[in-house]
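What follows is a short report on a single structure.
We count residues from 1, following the sequence as given. Indexing begins at 1, ligand by ligand and atom by atom, following the structure's order. For the numbers below, each heavy atom of this structure counts, side chains included, while hydrogens, waters and symmetry mates do not. Everything numeric in this text was worked out from a predicted model, so none of it was measured.
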Amino acid sequence: MKRFARITGTGSYLPPKIITNSELEKTLDTSDEWITGRTGIKERRVVDGESTCDLALEASKRTLEMAEIRASEIDLIILATTTPDKIFPATATMLQSRIGANCPAFDLQAVCAGFIFALTTAQQYIENGVYKNVLVVGSETFSRIIDWNDRSTAILFGDGAGAVVLSSDNTAGIKYSKISSDGSYLSSLHVNNNYINEIGYVEMSGNEVYKIAVKQLANIAEEILRESNLTASEISWMVPHQANIRIITAIAKRIGLPMSKVILTLETHGNTSAASIPLALDVAVRDGRIKKGDKLLLEGIGAGFSWGGLLVEY
Ligand code: ACO
């Protein structure tokens with residue numbers, strides 16, 4: 001019998017420490033008005049000693065609880081992160097041990113597109129009949145690789161984790177998925193160290209990133225609709241990577257989706273990179289906006305660039 005992949009649980013976790021725009025005003029030549037107007041972000045969470053694995057663990061526990069499965073029933077863990085706790089071993093294996101699972105576990109790195117890449121990877125294992133339950137996590141502590149004196153990047157990012165359990169089902173939850181990369185944009189957005197014994201920080205050409213993000217995410221949204229024979233009015237919710245309100249608004253406008261159908265968390269989360277999509281998904285599932293049977297358009301782009309999207313029936 002053909003197997004399909006379906007999301008059976010979501011979960012998320014944010015570290016308690018908040019940094020507001022007003023607090024950033026004290027150390028940077030910036031203002032709440034500028035940050036809110038240009039990005040839509042008001043505050044972000046940052047770790048205060050917690051690790052990427054700590055955040056992932058809390059998000060994963062909540063996810064397993066909703067999916068009503070035990071850690072021993074997980075067949076594979078894929079952890080999307082740009083900020084692993086160590087160069088090795090993989091943060092996913094630390095998570096596997098701490099959550100009490102007995103399964104393969106690996107990290108996946110596609111920066112802000114990491115969760116989309118991880119979900120698409122998990123989908124293959126399930127549709128091929130190899131695994132029944134895959135825990136897919138996005139967890140980031142970007143605050144550790146931000147130059148807090150650089151106003152062009154320090155205002156954008158936050159820390160957090162989100163996760164889903166993807167399980168084998170008779171009917172399709174994931175109905176379409178697509179991932180792409182173009183590695184010729186290295187200097188537009190990267191961490192500026194070349195050697196592992198140097199400390200590096202995020203460096204970005206904001207304008208370039210903005211234009212590429214709008215173009216590629218609008219293209220992928222259109223492709224998903226076209227390939228799924230759907231119109232924007234048939235989409236229940238778009239759950240986009242939470243980078244910038246202006247990027248998200250431009251994409252929604254291009255595909256004719258009203259902003260009332262877009263899940264937004266960036267005002268209080270900032271850009272949490274690979275964690276932003278599962279965080280937004282979990283918020284909207286738990287507050288009752290996303291319901292069983294809803295058609296969701298998930299999409300994200302990250303440095304590289306790498307980008308992709310999925311059509312998911314929740
Ligand atoms: N506060 C006040 N002024 C600032 C700040 C700040 N925090 N940052 C930059 N400025 C200044 C600049 O120095 C510049 O001043 P100048 O005109 O005197 O030279 C002016 O504001 C305009 O700067 P721009 O970079 O042109 O501003 P822009 O409108 O492009 O907004 C921003 C910058 C918010 C970074 C925008 O380009 C953006 O969001 N780009 C997308 C980047 C992004 O989302 N990256 C996330 C990671 S990648 C991903 O997740 C897809």
Side-chain angles (χ1 to χ4, degrees), residues 19-44 80-83 109-117 138 140-160 162 179-183 185-192 200-221 238-252 264-267 269-280 298-309:
I19 297 184
T20 62
N21 289 350
S22 317
E23 285 171 82
L24 290 179
E25 281 177 359
K26 292 177 195 153
T27 52
L28 291 171
D29 180 14
T30 190
S31 65
D32 174 41
E33 193 189 350
W34 194 97
I35 302 170
T36 308
R38 300 277 178 138
T39 70
I41 298 165
K42 282 277 189 194
E43 61 183 46
R44 69 287 293 144
T81 188
T82 318
T83 47
Q109 214 268 56
V111 202
C112 304
F115 184 75
I116 297 290
F117 275 57
E140 300 277 21
T141 50
F142 249 67
S143 62
R144 295 186 299 152
I145 56 165
I146 292 298
D147 175 356
W148 287 95
N149 295 313
D150 174 9
R151 67 177 183 175
S152 68
T153 52
I155 58 158
L156 295 173
F157 295 94
D159 300 335
I179 51 174
S180 304
S181 297
D182 180 346
Y185 290 95
L186 188 133
S187 58
S188 306
L189 179 56
H190 69 134
V191 169
N192 60 5
Y201 295 108
V202 173
E203 236 174 40
M204 178 179 69
S205 163
N207 253 304
E208 259 175 69
V209 175
Y210 183 89
K211 283 182 207 145
I212 293 158
V214 171
K215 180 178 159 203
Q216 297 300 0
L217 290 178
N219 285 348
I220 191 83
M238 178 160 85
V239 189
H241 169 50
Q242 311 280 316
N244 181 312
I245 188 68
R246 292 186 296 146
I247 294 175
I248 297 171
T249 308
I251 297 157
L264 294 173
T265 52
L266 85 175
E267 187 177 338
H269 296 182
N271 178 350
T272 57
S273 188
S276 94
I277 295 171
L279 258 163
L298 273 48
E299 59 167 26
I301 186 165
F305 285 90
S306 286
W307 64 94

Within the protein, is there a heavy atom lying under 4.0 Å from [atom]?
| atom | value |
| --- | --- |
| atom 38 (C) of ligand 1 | yes |
| atom 31 (O) of ligand 1 | yes |
| atom 17 (O) of ligand 1 | no |

Considering distance alone, does some N or O of [X] sit under 3.5 Å from an N or O of ligand 1?
| X | value |
| --- | --- |
| N244 | yes |
| S152 | no |
| L189 | no |
| R151 | yes |

Considering heavy atoms of the protein only, find what lies nearest to [atom] and give residue, atom and distance to 0.1 Å.
| atom | answer |
| --- | --- |
| atom 44 (O) of ligand 1 | A243 CB, 3.5 Å |
| atom 36 (C) of ligand 1 | R246 NH2, 3.9 Å |
| atom 50 (O) of ligand 1 | H241 NE2, 2.7 Å |
| atom 47 (C) of ligand 1 | N271 ND2, 3.5 Å |
| atom 26 (O) of ligand 1 | N207 ND2, 2.9 Å |

- prompt: Can you tell me if S205 uses its side chain to pair, donor with acceptor, with the backbone of S188 under 3.5 Å?
  reply: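 Checked: no pair found.
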task: Give the numbers and elements of all ligand 1 atoms closer than 4.0 Å to a heavy atom of I155.
output: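 Listed by number with element: 7 (N).
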field: For I301, atoms of ligand 1 separated by under 4.0 Å from a heavy atom
entry: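 Those of ligand 1 that fall under 4.0 Å from I301 are 49 (C), 50 (O), 51 (C).
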query: Under the 6.0 Å and 45° cation-pi test, does R44 pair with F157?
result: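 No; the conditions do not both hold, so R44 does not lie above the ring face of F157.
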Option of least heavy-atom distance to atom 40 (N) of ligand 1 (set: A274, S188, G206):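 Nearest heavy atom to atom 40 (N) of ligand 1 lies in G206.
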field: Per atom 2 (C) of ligand 1, closest listed option by heavy atom (W34, F305, F157)
entry: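 Nearest heavy atom to atom 2 (C) of ligand 1 lies in W34.
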